[in-house]
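See below for the structure under consideration.
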Amino acid sequence: MSNDIRIKKGLDIKLKGEAEKTTEKAIFSNFYTLRPEDFHGVIPKLISRVGTKVKAGEPVFYDKSNEDVKFVSPVSGEIIEIERGEKRKILSIKIQADKTESYLEHDILNLEKANPEDVKTLLLASGCWPFIKQRPYDVIAKPDKEPKAIFISAHASAPLVANLNYTLQGKEKELQAAVTALGKLTKGKVHVSVGKHGKSPMEGLSGITLHKVSGPHPSGNVGTQINKIDPINKGEIVWTVSPQDLVIMGELLLTGKFNAERLVALVGSSIEKPRYFVTKLGCELATMIYDHGIKKDAHVRIISGNILSGKTVKPDGYLDYYSNTITVIPEGDDYELFGWTTPVFNKVSTTRALTFSWLFPNKKYDLNTNTNGEHRAFVVTGNYEEVFPLDIYPMQILKSCMYQDLDEMEALGMYEVAPEDFALTEFVCVSKQPHQDIIRKGLDLMLKEIG
């Protein structure tokens with residue numbers, strides 16, 4: 001028996017370029033890159049050097065503040081470059097892949113008999129621990145803390161993101177193994193949320209508490225689901241894991257091998273034929289976007305992740321460690337003279353002032369990256385509250401982060417939120433304030449001062 005969660009506040013941004021449910025193998029990538037910046041708050045300490053030969057799943061660096069948390073190579077090959085920035089900060093580790101894959105093999109656990117310490121030791125040694133994040137602070141979970149519950153969102157509601165019902169097909173054994181293992185690490189429940197309309201491969205798993213979610217985005221955000229199911233209070237910790245990371249974790253538990261393979265959606269209005277590709281974490285994006293479909297002469301922005309909370313990457317960039325979507329949309333470098341004075345039919349808006357998108361609720365739009373406005377002080381419009389379903393005051397919490405009032409941040413609910421929870425309020429913001437960046441800095445301040 002499932003529990004239904006209906007989200008009323010939010011906004012579905014319907015865009016052109018959704019991926020067809022067809023899958024191809026991406027061209028073999030010669031180079032793979034690990035970027036410490038993908039793991040927020042981690043200070044990397046290198047294990048391997050330039051010229052070191054590594055196997056897939058072999059540790060490359062660890063977290064300086066917690067040596068047990070290791071980060072491993074997605075492929076076997078040779079480390080050929082370590083890029084550094086200011087003060088010798090490690091920016092990336094580049095690996096030239098072998099033609100034939102070889103894996104670092106781990107012992108296979110008997111999940112029925114394994115104790116929590118056995119599971120934790122294996123996840124840490126194998127490089128799977130970075131897939132587990134914690135709230136508060138939205139950082140990699142601390143192994144020495146036990147969560148009150150674990151949350152997994154198998155419902156994707158952001159614009160153009162990979163359809164999890166499709167990408168998880170045939171992965172039931174891996175998902176069950178991962179869920180069984182995670183269940184041993186908490187005395188609480190493992191909450192799994194799926195879309196109410198559709199059939200998810202995660203619905204039939206045992207050892208979970210199932211929730212069926214409906215409503216507009218951000219109904220698929222794990223933060224929205226935590227707020228509706230079991231909110232976080234001061235002193236409490238919950239863990240979150242993405243379903244695509246569960247598959248990698250489950251395969252390790254079943255085979256003893258870290259297989260960084262991932263099904264990635266290549267989407268966006270600038271792609272000729274949006275579809276899915278089988279590739280690996282840290283691969284070259286060029287193996288998918290240029291050989292398979294950017295429209296000719298297109299001036300585009302490439303985003304690793306979704307358009308609301310993903311990261312902009314260069315054409316010669318690499319797939320983000322946590323992403324299963326690559327979005328390509330037109331670069332917004334053309335401007336309309338007096339555009340604010342004329343009726344608008346081809347833009348999404350939550351207001352009815354000169355915009356008529358509300359007349360066409362099912363229309364799909366071809367949006368670019370223009371902000372259609374300039375940065376200014378907060379304007380009180382009530383728009384944030386229309387798209388923000390959490391029981392939190394969005395503008396007040398943003399302002400408390402800006403003037404760094406820790407007591408007020410605590411009282412307003414900062415323990416529950418992550419930057420992605422404010423992606424929609426940033427999208428509708430008439431003041432063009434960087435909401436996600438404000439929240440990230442607020443969380444970092446709390447982590448530093450409160451811990």
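Residues His435 and Thr425 bring a donor and an acceptor atom of their side chains to less than 3.5 Å of each other. At a cut-off of 3.5 Å, with distance as the only test, no side-chain donor of Tyr318 or Ser29 sits close to an acceptor on the other residue. Judged by distance alone, the side chains of Asp63 and Ser65 do bring a donor and an acceptor atom under 3.5 Å apart. Counted by atom type alone, Ser304 and Asp320 present zero donor-acceptor pairs between their side chains at under 3.5 Å. Judged purely by distance below 3.5 Å, without hydrogens or angles, the side chains of His217 and Ser157 pair a donor atom with an acceptor atom.
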Audit row: Thr23, Tyr166, side-chain hydrogen bond (donor to acceptor under 3.5 Å, both in side chains) steps and yes/no | CA-CA 10 Å; Thr23 302; Tyr166 179 73; 2.6 Å; yes
Walk me through it: do Glu420 and Arg135 pass the test salt bridge (Lys or Arg N to Asp or Glu O under 4.0 Å)?
-> CA-CA 13 Å; Glu420 69 171 6; Arg135 302 227 182 165; 3.6 Å; yes
Candidate pair Arg275 and Glu24, rule salt bridge (Lys or Arg N to Asp or Glu O under 4.0 Å), full reasoning = CA-CA 8 Å; Arg275 58 208 184 281; Glu24 296 181 16; 2.8 Å; yes
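Checking side-chain atoms of Ser242 against main-chain N and O of Gln244 turns up no donor-acceptor pair under 3.5 Å. Put simply, the side chain of Ser269 never gets that close to the backbone of Lys16: no donor and acceptor are under 3.5 Å apart.
Residues Leu164 and Gln169 form no side-chain contact, since every pair of their non-hydrogen atoms from C-beta on lies 4.5 Å or further apart. Counting only heavy atoms from C-beta outward, the side chains of Met446 and Pro136 never approach each other to under 4.5 Å. When side chains are defined from C-beta on, Pro59 counts as touching Leu104, because their heavy atoms get closer than 4.5 Å. The closest side-chain heavy-atom distance from Gln176 to Ser206 is below 4.5 Å. The side-chain heavy atoms of Val190 and Leu205, taken from C-beta on, include no pair separated by under 4.5 Å. Residues Asn306 and Leu160 have side chains not in contact (no heavy-atom distance under 4.5 Å, counting atoms from C-beta outward). Within the 4.5 Å cutoff, no side-chain heavy atoms of Leu123 are placed close to those of Phe131. Two residues are said to be in side-chain contact when any heavy atoms from C-beta on lie closer than 4.5 Å; Cys401 and Ile439 meet this criterion.
What you find for Met288 and Ala26 is that their closest heavy atoms are CG-CB, 3.7 Å. Heavy atoms only, all atoms of each residue included: Pro130 and Gly127 are closest at CD-O, 3.2 Å. The two residues Pro315 and Ile302 come nearest to each other via the heavy atoms CA-CD1, 3.8 Å. Taking each heavy atom of Leu252 and Ser126 in turn, the nearest pair found is CD2-OG, 3.2 Å.
Look at Lys257 and Glu101 and you find no salt bridge, because none of the NZ, NE, NH1 or NH2 atoms lies under 4.0 Å from a carboxylate O.
Atom NZ of Lys45 has 12 or fewer heavy atoms from other residues, nucleotides or ligands within 6.0 Å. Within a 6.0 Å sphere centred on CZ of Arg6, other residues, nucleotides and ligands contribute 12 heavy atoms or fewer. Surrounding CG of Asn233 are more than 12 heavy atoms belonging to other residues, nucleotides or ligands, all under 6.0 Å away. Atom CD of Glu18 has 12 or fewer neighbouring heavy atoms from other residues, nucleotides or ligands inside a 6.0 Å radius. More than 12 heavy atoms of other shown residues, nucleotides or ligands fall within 6.0 angstrom of atom NZ in Lys120. Counting heavy atoms of neighbouring residues, nucleotides and ligands inside a 6.0 Å radius, atom NZ of Lys441 does not exceed 12 of them. Within a 6.0 Å sphere centred on NZ of Lys55, heavy atoms belonging to other residues, nucleotides or ligands number 12 at most.
Evaluation of the salt bridge (Lys or Arg N to Asp or Glu O under 4.0 Å) test over residues 175-187, restricted to residues two or more places apart or in two chains, returns Glu146-Lys187.
Taking the six-membered ring where the residue is Trp, Trp239 and Trp129 present perpendicular rings, their angle passing 60° and hence far from 30°.
The side chain to side chain contact (heavy atoms under 4.5 Å, CB included) with Val247 is formed by just one residue from the set Arg262, Lys173, Lys171; it is Lys171. When each of Val42, Val60, Asp38 is paired with Phe71, the side chain to side chain contact (heavy atoms under 4.5 Å, CB included) condition holds for Val42 and for no other.
Taking the six-membered ring for Trp and the full ring otherwise, the centers of Tyr384 and Phe422 sit at least 6.0 Å from each other.
From Tyr32, atom OH reaches atom OG of Ser92 across 16.0 Å, with rounding to the nearest 0.5 Å.
Both the sub-6.0 Å distance and the 45° axial angle are satisfied by Lys133 relative to the ring of Tyr322.
By the salt bridge (charged side-chain N to carboxylate O under 4.0 Å, His left out) test, Glu172 is found to be paired with no residue, residues two or more places apart in sequence or in another chain being considered.
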